[in-house]
Amino acid sequence: MGYRFASDSNGSGVQYDLGNSDSLVVPTNVTVISQDNAAITGTGQYISIAVLGFVGALDNAISLSTSGTSTTTARSITIGTNGTLSSGNIGIYDYGDGDRIFNRGQIYAHTGIEVGSSAVAGSFTVYNYGTIMADQGVNSLSPALKLYNYGTINGASLYAVITSFGNDLVYNKGQLDGLVQLGGGNDSLLNRGLINGNVGMGDGTDTLDNRAGTIDGLIGMGDGNDTFIPGASSETVDGGIGEDTIDFSRSSGVHFALDASIDATGWARDDTYTNFEDLLGSTTGNDILVGDSFDNLIAGFGGNDILSGQGGNDTLQGGRGNDTLDGGTGDDKLSGGDGNDILTGGAGYDILTGGLGADKFLFGEGDIQESAQTAFEKITDFSHVQKDRIDLSAIDANIGADGDQAFVFIGSAQFHNVAGELRFDILQNGALIEGDTNGDGKFDFGLYLAGFTVPVAGDFVL
């Protein structure tokens, strides 16, 4: 292996063939041009190329492939601050595995950088601090691309970045002009700069983090269970097929409804979302999060949150703070977490877990009803010690009398054919609360308390 230093050359054919072992430096003020072919080629596993001057070609400016069947390489291509590549085809073509490309200068080509690999787990890392002007800025045919952009990649006439398959990472702290299209695989796009163009994340379990960034275009998350982390700018995002999540956890608190029933605030303001199912609230702020008619997962995390599931079979998690959870219609799962929470299951057969703190389990007309024992409304962790309460005051205890009547708690005694009585039975793994609202001596609704709690009158708001 030896280092070679280029001198001025302008002619037909490859100007520098590095073979299987050589490396090359193109010094400042040196010009290397091929009029009909690639200017610099090589097949070696440990080639290093540094362009500090100018390299131009009708075909590829730099073209690296692998020798024989080998795809295991450790090659490095660097374009210096004053270096320039100009090509009628591809600025840098690199077919191998594990190579790294650094651009601090300028690349002008139809495709700025194209990488590919036949290795099952092939990967490339590209750092751009300079400028790439091309119809396709960066094109990856490799199973995995890591692209870190701190400069400008201008593919405004077509693609700024396009990948085909594999688990790709794109980190943008500069500017991407043109479409950003990531292919199949579990991809991540972290945008801390500006993207002028539409973004497509492709199929797979993808994450797009737009905090402190701006995307001036439509965003499609593609098929798969994807996560979108909004920023403060206006965003239009389609979650696509799969169970997709909007993650506001890094914000200071938002108001947002998947069914557009409330005005959005904070990071959600002026945003448009379609085909999302799950919402994650702020870890510190006070959120109001509302679902829609589908099955939603809504988590409040920190702060005093208000969570509403609406229709569907929802899962609501309050987290830290004094939260209010309302499942709406459907068979919902509510978890208050730490704090003094209010949990309302709504219509359907719901499972309520208060968590730590003095929690109130609030029920209204139609929220609990007679059914098979396995489908009763269920409280999993009712606690005397934590001063939990079951609030039945919104239910009319005597449907035959005018007004709203309160229940009378009679402990474990049998019904007396008197409307408005509330009693309990101890079961093998809990207690069943029963209410008679018509006086026929039979329970008209049942509420199951899991565990070994023996209910007392002070447990209820009647």
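Here the structure is a predicted model, which is why all the values come from computation and not from measurement. Note: hydrogens, waters and symmetry copies are ignored here, and every other heavy atom, side chains too, is used. Sequential numbering from 1 along the given sequence is applied to the chain's residues.
Aromatic pair Phe376/Tyr349: ring centres not closer than 6.0 Å. For Phe460 and Phe407, the gap between ring centers reaches or exceeds 6.0 Å.
Residue Tyr127 holds its OH atom at 13.0 Å from CG of Asn149, rounded to the nearest 0.5 Å.
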task = Run the numbers on Asp350 and Lys378 for salt bridge (Lys or Arg N to Asp or Glu O under 4.0 Å), then give the verdict.
result = CA-CA 6 Å; Asp350 308 306; Lys378 181 178 180 180; over 6 Å; no
query = Would Phe363 and Phe445 satisfy ring-ring contact (aromatic ring centres under 6.0 Å, His included), going step by step from the backbone distance to the final call?
reply = CA-CA 11 Å; Phe363 299 93; Phe445 67 79; 8.6 Å; no
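A pairwise comparison of heavy atoms in Pro230 and Asp271 identifies CB-OD2, 4.2 Å as the closest pair. Taking each heavy atom of Leu218 and Asn198 in turn, the nearest pair found is N-OD1, 2.8 Å. Annotation for Asp326 and Leu316: closest pair O-CD2, 3.4 Å, computed over non-hydrogen atoms. Nearest approach of Gln405 to Asn398, heavy atoms of both residues: CG-CB, 3.7 Å. Closest non-hydrogen pair, Gly364 versus Ala394, comes out as CA-CB, 4.1 Å. Between Phe248 and Leu279, the shortest heavy-atom distance links the atoms CE1-CD2, 4.4 Å.
Between Lys333 and Asp314 there is no salt bridge, since no side-chain N of the basic residue sits under 4.0 Å from a carboxylate O of the acidic one. Salt-bridge formation is detected for the pair Asp247/Arg250: a Lys NZ or Arg NE/NH1/NH2 atom is positioned less than 4.0 Å from an Asp or Glu carboxylate oxygen. The pair Asp425-Arg423 counts as a salt bridge, with a side-chain nitrogen and a carboxylate oxygen less than 4.0 angstrom apart.
Partner of Asn191 under the side chain to side chain donor-acceptor pair (under 3.5 Å) criterion, chosen from Asp209, Thr214, Asn172: Asn172. Only one option out of His384, Arg389, Lys387 pairs with Asp459 in a side chain to side chain donor-acceptor pair (under 3.5 Å); it is His384. Checking each of Leu352, Thr344, Thr380 against Leu334 for a side-chain contact (heavy atoms from CB on, under 4.5 Å) leaves exactly one that passes, namely Leu352.
Between Val51 and Ile62 there is a side-chain heavy-atom pair separated by less than 4.5 Å. Side-chain contact between Phe409 and Phe424 is present, with at least one heavy-atom pair separated by less than 4.5 Å. Looking only at side-chain heavy atoms (C-beta outward), Tyr108 and Ser87 stay at 4.5 Å or farther from each other.
Side-chain polar atoms of Thr111 and Asn139 form no donor-acceptor pair below 3.5 angstrom. A donor-acceptor contact closer than 3.5 angstrom is absent between the side chains of Gln310 and Asn296. Side-chain contact annotation: Gln317 with Ser335, donor-acceptor N/O pair under 3.5 Å absent. For the residue pair Thr437 / Asp444, a side-chain donor-acceptor distance below 3.5 Å is found, with atom types taken as modelled.
The backbone N or O of Arg211 lies less than 3.5 Å from a partner atom in the side chain of Arg192, making a donor-acceptor pair. Here the side chain of Ser140 pairs a donor or acceptor atom with the backbone of Ser142 at under 3.5 angstrom. Here the side chain of Asp440 pairs a donor or acceptor atom with the backbone of Lys442 at under 3.5 angstrom.
For residues 216-244, no residue pair satisfies the salt bridge (Lys or Arg N to Asp or Glu O under 4.0 Å) rule, not counting sequence neighbours. Note on residues 134-156: no pairs pass salt bridge (Lys or Arg N to Asp or Glu O under 4.0 Å), not counting sequence neighbours. The salt bridge (Lys or Arg N to Asp or Glu O under 4.0 Å) contacts involving residues 390-407 comprise Lys360-Asp391, where partners must be two or more places apart or lie in separate chains.
Residue Ile241 qualifies as open at atom CD1: its count of foreign heavy atoms under 6.0 Å is 12 or below. The number of heavy-atom neighbours closer than 6.0 Å to CG of Asp263, taken from other residues, nucleotides and ligands shown, is 12 or below.
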